[in-house]
Structures are given as C-alpha cells and as structure tokens.
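Take a look at the structure below.
Counting convention: from 1, in listed order, for ligands and their atoms alike. The chain is numbered in sequence order, starting from 1.
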Amino acid sequence: MKEIEIKSVLQVYDSFDELPNDIQELMQKSIEIRDKAYAPYSEFLVGAALLLENGKVVLGNNQENACYPSGLCAERTAIYYAGANFPEIPIVSMALCAKSLKYQLITPTPPCGACRQAIAEYELKQDHPIAIYFMGETGKVVKSFSLANLLPLIFDNSYL
Ligand code: THU
C-alpha cells in the first residue's frame, strides 16, 4: 500500500473590491441574476455568470420546485444554457455567488458536487480550464484556476 496526496491550490481575495476589474464586472452580473433566483423553499439564492471566449456572458440562477429534486442549481442552469446555445464557444471563467434570506452568508460558497461534475464535462470538452470565482453575500472571494482543481478523481468519458 502507498499513499497518494491530492493537492488543490486556491487563491483567496479579501473582498469583491480586490478582484480584477473584469471579474468584478462578471461577479456583479452574477449578483444581479442571483437576486432573481426562484428559491422559495430554501430561501438560498445562487447566481452564476459565465464569460465566454467571444465576450458573451451567460447567466443563470437556481430554480426550485415543489417536488424538490426537480429544481436545478444556478451553475447547471447557466452552463447547460451555454452548452445548448454556444456549443462551440469555450467558457473562460465563471463567477458564482450565494445569499441566504435567513442569515448573512459571509463564507465563499463553492459549487455543489453535482455542479462540479457538470462543469467538468464542459471543461474537458473544450480542453481549456474554466477559472471559477465564488463568494457568499459579502466577504472573501475564492478563485480556482480550473474546475479540475475543485474535483479530484473526476469521472470522465475515458471510463465508458
Ligand atoms: N444551489 C445552487 O444553486 N448551487 C449550488 O452549487 C449549491 C446549491 C441551490 C440549490 C437549491 O435551490 C438551494 O441552492 C439550496 O440548496
């Protein structure tokens, strides 16, 4: 038996104001779409803004359902829209933010496991890393250079 070590390196910005200008703009769009989320059950609003290589920005937010599992996260709402409408245009970066209507969320909120798996598919397909920035309502912003950096041991089509 031997051990393997899996390492992820993340960059942490102290606040929104510390982000590069272009990412502030993207995060601002994510905040605006977050506030239009349909999340009456969890009261947890999530926004996703995807910057495509051609400069276009694709937005998504979480859409809940009385039949809970039928709802969809913000990240997948956005990335499936990008995949459906701009299948040939690479995604350069994603800005994600979350907000709870029940308490002040100051912890940077990463994409859930199912969304990481979904984003991984597109990162592998385009063979170019997607930079991911995520934050809560306020506070620190975390950057991951790629999705792969957030999802060790990706299940990909090489196993099929
Ligand atoms: N949610 C997202 O939109 N993205 C995530 O990565 C985590 C969770 C949504 C799903 C649900 O509508 C609410 O947040 C609470 O889980």
Atom 9 (C) of ligand 1: closest protein heavy atom, distance to 0.1 Å, is N62 ND2, 3.5 Å
Consider only side-chain heavy atoms of I, L, V, M, F, W and Y, link residues closer than 4.5 Å, and tell whether I119 and V58 are in one cluster.
-> yes
Let me see the working for I91 and L51 under side-chain contact (heavy atoms from CB on, under 4.5 Å), right down to the final yes or no.
-> CA-CA 6 Å; I91 300 159; L51 176 65; over 6 Å; no
Check whether more than 12 heavy atoms from other residues, nucleotides or ligands sit under 6.0 Å from atom NZ of K102, and answer yes or no.
-> yes
Which of the numbered atoms in ligand 1 are below 4.0 angstrom from a heavy atom of E64?
-> 11 (C), 12 (O), 13 (C)
Going by heavy-atom distance to atom 8 (C) of ligand 1, choose the closest among G60, C73, S42, P40.
-> C73
Atom indices of ligand 1, in the order listed, that fall short of 4.0 Å to a heavy atom of P111 | 6 (O)
Give yes or no for whether the N/O distance cutoff of 3.5 Å, strictly under, is met between A74 and ligand 1.
-> yes
For atom 12 (O) of ligand 1, is the nearest protein heavy atom under 4.0 Å away?
-> yes
Tell me, with the steps shown, if Q28 and Q24 meet side chain to side chain donor-acceptor pair (under 3.5 Å).
-> CA-CA 6 Å; Q28 186 55 41; Q24 279 192 19; over 6 Å; no
Would you please test K7 and V9 for side-chain contact (heavy atoms from CB on, under 4.5 Å) and show each step?
-> CA-CA 7 Å; K7 196 167 146 186; V9 178; 4.2 Å; yes
Any N/O of C112 closer than 3.5 Å to an N/O of ligand 1?
-> yes
Ignoring hydrogens and angles, tell me if any N or O in the side chain of Q126 forms a donor-acceptor pair with the backbone of I89 under 3.5 Å.
-> no
